[in-house]
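Values below: all heavy atoms of this structure, side chains included; hydrogens, waters and symmetry mates excluded. Since the model is a prediction, treat every value here as computed from it, not as a measurement.
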Amino acid sequence: TSTREIYKEIMKRGIGFGKIGLNLGQMKLADKEPDKVETGTEDEGGGQAGGFGSFGKKESSNTITNLMVTENEGADKADDYVQEVNPDLAKMMGFSGFGSTHKSNRDINKDTSNDKDGKKAQQFDVDAMFASVAKTAQERNLLSNQKLEEAGKAELESEFVLPGREKGESSRGVDDKTKTASDDSEESDSDDDDVVGPLPPPPSKKNDDDEDDSGDDHEVTPVDKIPRSHEIKLEHGSRAITSLALDPSGARVISGAVDYELKFWDFAGMDPSLRSFRKIKPMQSHILNHLEYSTTGDKILVVAANSQPKVLDRDGGELLECIKGDQYVLDQTRNKGHTAQVNSGTWHPKIKDEFLTCASDATMRLWMVEKRGRESRAVIKCKNRKSGLKANPTSCTYSRDGLLVCAVCVDGSIQMWDHRKNFVNVALQVPEAHQFGCEITGVQFGYDNRLLATRSNDETLKLWDIRSFKKPVNVATGLVSKFDQTDVLFSPDDRLVVTGTSMEKGDKGGKLVFFEKDTFNKAFEMTVGTSHVIRAAWHPKLNQVLVGSGDGVVRVYYDMQKSFRGAKLCVVKKRTEAKQVNYIATQRIITPYALPLFKEDSIRQKSTYRQMVKDRKDPVKSHNPDPPQAIKGTGGKLAKGGSTLHSWMARQIAVKNKDDHIDPRERILRHAKESEDNPYWIAPAYAKTQPKPIFREEDPDEPPEKLTKRETFG
């Protein structure tokens with residue numbers, strides 16, 4: 001009985017290895033065969049090894065069969081375990097042992113050894129324990145996941161009902177129901193009232209062969225995608241449109257012209273009157289050369305004909321102004337900003353706070369918004385390849401991935417730099433891409449990031465491939481351009497190249513010309529208004545074309561089926577009428593005797609100011625004193641002279657200068673004879689150096705000397 005109580009106490013507490021414990025009450029261990037168990041090594045005191053297990057060969061029978069058992073099953077097996085007691089260990093360490101020993105091992109030890117304290121240590125197969133626990137955990141997780149999935153499906157099917165499906169009906173039920181739909185047609189007719197939502201559309205009756213035949217009849221070409229069926233006009237002013245831009249979302253349009261004004265247009269806020277909602281002059285009296293929205297649409301880059309570009313917010317408020325450089329510093333890398341007119345600019349396609357500008361000081365500068373325009377991040381010098389002299393860039397752009405910085409110069413060259421390196425050496429260059437001295441007005445990368453289109457005032461449009469950058473791929477000629485801002489762009493599907501032309505004598509107006517990118521054949525051209533075509537933009541999201549003309553009008557071309565939002569939002573609105581304000585004027589009642597005929601002076605007091613002015617002019621009423629006499633004998637009175645010292649001295653001077661009426665020249669020449677006979681000033685000075693005077697010889701060819709007034713008129 002005492003052994004059983006000791007074992008129960010051990011089963012409650014468990015076996016402890018320092019801070020590591022093992023609860024054997026919840027584990028079911030298999031019985032070992034007595035004849036196959038090998039005893040461990042004996043201690044120096046003659047005792048058996050402790051509870052760390054045997055050091056002999058492990059038998060397959062001594063394995064763990066089930067690790068997860070109930071407490072009742074563990075209590076039934078409690079009789080098979082006894083406590084190990086080692087007196088030497090208790091004397092040295094203070095505790096009797098590290099674990100318990102199976103009852104069968106105790107019996108075997110009694111037969112094999114005469115020592116009363118001999119015990120057999122229990123063996124454990126740890127690998128099998130971990131494998132069993134992992135297997136059990138996986139099975140439980142699989143079962144719990146299946147239950148959660150079934151519960152989730154049940155909730156979804158109970159809350160949401162698909163069109164044509166009954167409430168509480170699962171997807172499997174629908175599949176089974178479709179198989180027997182022909183047999184249960186009458187039941188489905190009766191259950192139509194329970195259907196929630198619109199029914200699916202019936203299948204089309206046309207055959208697939210007919211559809212294929214109809215598709216082969218008309219193939220969609222790039223020209224069919226050009227929106228041109230409808231047109232609206234945004235009246236900017238009477239001067240030429242030199243800059244035009246749309247925000248990335250296509251909600252707003254900004255336009256700048258020669259009249260220095262920047263106007264904002266909002267498609268969603270406009271009515272058919274098409275009035276702009278804001279008008280500002282960001283650069284005072286400078287022409288706006290270029291406008292562009294950032295990639296996020298929250299900032300606007302404004303480039304004018306001065307040396308200080310600006311960045312505005314979405315509503316026109318100024319965010320920063322770039323600093324102006326020192327004109328007397330020759331090395332532009334030491335300058336903080338541009339020193340000449342800025343021609344163009346653009347935003348980086350990937351870095352939202354970086355923008356690029358090019359100016360007539362033969363430099364391009366990279367700016368960061370966070371520096372507030374106080375200093376440029378990098379400076380790029382543009383030079384002619386042959387002469388090494390400066391070449392002014394007229395336009396600039398980034399590649400679509402932002403890795404190349406491209407500039408076109410007035411010497412007709414195209415130059416590119418790698419954005420990841422320093423901007424000392426060019427990465428790609430074509431020295432004579434266009435005619436020398438003709439400005440390249442526009443440059444643009446295609447959407448494939450391989451082709452580059454350039455537009456110049458030498459009446460050409462060229463397409464380049466940066467993989468073989470020596471010769472142009474295609475060239476179009478005869479495109480007249482009279483403005484330095486003429487645009488070039490690609491269609492949204494990257495199959496057309498678009499540019500504008502100026503109006504020549506005899507033309508009805510400027511044209512917008514579309515070329516096929518692969519063959520450069522003229523695919524389509526449209527006459528825009530009665531003036532030049534300068535700026536153009538084709539928004540990929542709206543599929544609408546905006547054209548800025550020389551008559552100050554921005555024309556928007558769109559198609560009701562192919563275009564989206566944009567101009568379609570404002571043309572369908574009702575025109576807002578001006579609010580009429582009615583005023584009710586009170587009638588004037590004229591009372592009897594109110595006319596001036598019946599008025600008396602005492603009734604209404606007259607204005608004192610007018611009366612005072614009249615009295616001031618009257619010498620009697622104003623008591624004006626007599627003015628002093630300026631000239632003798634004025635006013636019938638004789639002035640008395642000589643009474644003062646001043647008058648006496650004036651009279652004496654007048655008496656002495658008796659010869660004032662003589663001509664001044666005669667007054668000098670009357671002393672000529674005396675000075676010739678008795679020289680005093682000039683002749684004695686030259687007596688030693690020039691005793692004999694030498695006079696200028698008269699040349700007969702010279703015209704005669706000018707006669708004096710007396711000699712001429714006598």
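Remark: side-chain polar atoms of R365 are paired, donor with acceptor, to backbone N or O of G337 under 3.5 angstrom. Within the 3.5 Å criterion, the main-chain N or O of L404 finds a donor-acceptor partner in the side chain of S399. A donor-acceptor pair under 3.5 Å links the side-chain atoms of Q308 to the main chain of C322, judged by distance alone. Side-chain atoms of Q332 never come within 3.5 Å of backbone atoms of D361 as a donor-acceptor pair (strictly under, hydrogens ignored). Not one N or O on the side chain of T394 forms a donor-acceptor pair closer than 3.5 Å with the backbone of T441. With hydrogens and angles ignored, the 3.5 Å screen pairs no side-chain donor or acceptor of S344 with any backbone N or O of S395. Using modelled atom types, one side-chain atom of D247 and one backbone atom of R252 make a donor-acceptor pair closer than 3.5 Å. With hydrogens and angles ignored, the 3.5 Å screen pairs a side-chain donor or acceptor of D507 with a backbone N or O of E504. For the pair K279 (side chain) and F264 (backbone), a donor-acceptor distance under 3.5 Å is absent. In this structure, the side chain of D298 does not engage the main chain of D313 through any donor-acceptor pair within 3.5 Å.
Counting only heavy atoms from C-beta outward, the side chains of L451 and F445 never approach each other to under 4.5 Å. You'll find the side chain of V302 reaches within 4.5 Å of the side chain of L288, heavy atoms only. Looking only at side-chain heavy atoms (C-beta outward), I232 and V571 come within less than 4.5 Å of each other. Using a 4.5 Å cut-off on side-chain heavy atoms (C-beta onward), H434 and T460 make contact. With a 4.5 Å cut-off on side-chain heavy atoms, C406 and Y398 do not count as touching. For the pair V342 and N306, the minimum side-chain heavy-atom distance is 4.5 Å or more. Looking at I414 and T454, their side chains come closer than 4.5 Å, going by heavy atoms from C-beta outward. Between L461 and V475 the shortest side-chain heavy-atom distance does not fall below 4.5 Å.
Among residues two or more places apart in sequence or in another chain, the salt bridge (charged side-chain N to carboxylate O under 4.0 Å, His left out) test is passed with D259 by none. For N521, the side-chain contact (heavy atoms from CB on, under 4.5 Å) partners are E516, T519, not counting sequence neighbours. In terms of the side-chain contact (heavy atoms from CB on, under 4.5 Å) criterion, residue partners of H539 (sequence neighbours excluded) are, by chain and number, L246, K541, L542. With sequence neighbours excluded, the residues forming a side-chain contact (heavy atoms from CB on, under 4.5 Å) with R374 are R372, listed by chain and number. Remark: S468 pairs with D465 by the side-chain contact (heavy atoms from CB on, under 4.5 Å) rule, at least two apart or across chains. Judged as a salt bridge (charged side-chain N to carboxylate O under 4.0 Å, His left out), and not counting sequence neighbours, the contacts of R420 are D418. When the salt bridge (charged side-chain N to carboxylate O under 4.0 Å, His left out) test is applied to D493, the partners found at least two apart in sequence or on another chain are K225.
Residues F520 and F515 come closest through the heavy atom pair O-CD2, 3.7 Å. Of all the heavy atoms in C570 and L274, the pair that sits closest is SG-CD2, 3.8 Å. Considering all non-hydrogen atoms of both residues, A362 and N392 come closest at N-OD1, 3.3 Å. In this structure, S276 and K263 approach most closely via the heavy-atom pair OG-CD, 3.8 Å. A pairwise comparison of heavy atoms in M364 and C382 identifies CG-SG, 4.3 Å as the closest pair. Here the shortest heavy-atom pairing between L262 and P282 reads CB-CD, 3.9 Å.
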Next on the checklist: Between I226 and L496, is the side chain to side chain contact (heavy atoms under 4.5 Å, CB included) condition met? List the steps.
Outcome noted: CA-CA 10 Å; I226 300 175; L496 297 174; 4.0 Å; yes
Next on the checklist: Evaluate V556 against L234 for side chain to side chain contact (heavy atoms under 4.5 Å, CB included), listing each step before the verdict.
Outcome noted: CA-CA 8 Å; V556 183; L234 306 179; 4.1 Å; yes
Item to check | side chain to side chain contact (heavy atoms under 4.5 Å, CB included) evaluation trace for V488 with V498 | outcome: CA-CA 6 Å; V488 60; V498 188; over 6 Å; no
Item to check | Residue pair I254, W265: steps toward the side chain to side chain contact (heavy atoms under 4.5 Å, CB included) verdict | outcome: CA-CA 6 Å; I254 52 176; W265 317 80; 5.8 Å; no
Next on the checklist: ring-ring contact (aromatic ring centres under 6.0 Å, His included) for H532 and F483? Distances and angles first, verdict last.
Outcome noted: CA-CA 9 Å; H532 313 282; F483 291 86; 5.4 Å; yes
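Under a cut-off of 6.0 angstrom, the local environment of NZ in K511 is sparse, with at most 12 non-hydrogen atoms contributed by other residues, nucleotides or ligands. The neighbour count for K383 NZ, taken as heavy atoms of other residues, nucleotides or ligands under 6.0 Å away, does not exceed 12. When the shell of 6.0 Å around CZ of R565 is examined, it contains 12 or fewer heavy atoms from other residues, nucleotides or ligands. Atom NZ of K371 sits in a crowded spot, with more than 12 heavy atoms from other residues, nucleotides or ligands closer than 6.0 Å. Around atom CD of E318, more than 12 heavy atoms belonging to other residues, nucleotides or ligands sit under 6.0 Å away.
The stretch residues 548-558 participates, sequence neighbours left out, in these salt bridge (Lys or Arg N to Asp or Glu O under 4.0 Å) pairs: E231-R555, D551-R555. Among residue pairs with one or both ends in residues 335-359, those qualifying as salt bridge (Lys or Arg N to Asp or Glu O under 4.0 Å) are K299-D353, E354-R377; sequence neighbours excluded. Pairs passing the salt bridge (Lys or Arg N to Asp or Glu O under 4.0 Å) check and including a residue from residues 476-490, sequence neighbours excluded, read D487-R535. Evaluation of the ring pair (Phe, Tyr, Trp, His ring centres under 6.0 Å) test over residues 228-247, restricted to residues two or more places apart or in two chains, returns H230-Y558. Evaluation of the salt bridge (Lys or Arg N to Asp or Glu O under 4.0 Å) test over residues 433-457, restricted to residues two or more places apart or in two chains, returns D448-K517.
Here the straight-line distance linking atom NZ of K421 with atom CG of L403 works out to 11.0 Å at 0.5 Å rounding. In this structure, SG in C438 is found 5.0 Å from CG in D458, a value given to the nearest 0.5 Å.
Cation-pi contact between R228 and F524: present, with separation from the ring centre below 6.0 Å and deviation from the ring axis of at most 45°.
Side-chain contact annotation: S491 with W538, donor-acceptor N/O pair under 3.5 Å absent. N335 and D326 share no side-chain donor-acceptor pair at under 3.5 Å. The closest side-chain donor-acceptor pair between W347 and T295, if any, does not fall under 3.5 angstrom. In summary, the side chains of E292 and T346 do present a donor paired with an acceptor at a separation below 3.5 Å, with no hydrogens or angles considered. For the residue pair S481/N457, the side-chain donor-acceptor check at 3.5 Å is satisfied.
Checked against the 6.0 Å centroid criterion, the rings of W417 and F423 do not qualify as a close aromatic pair.
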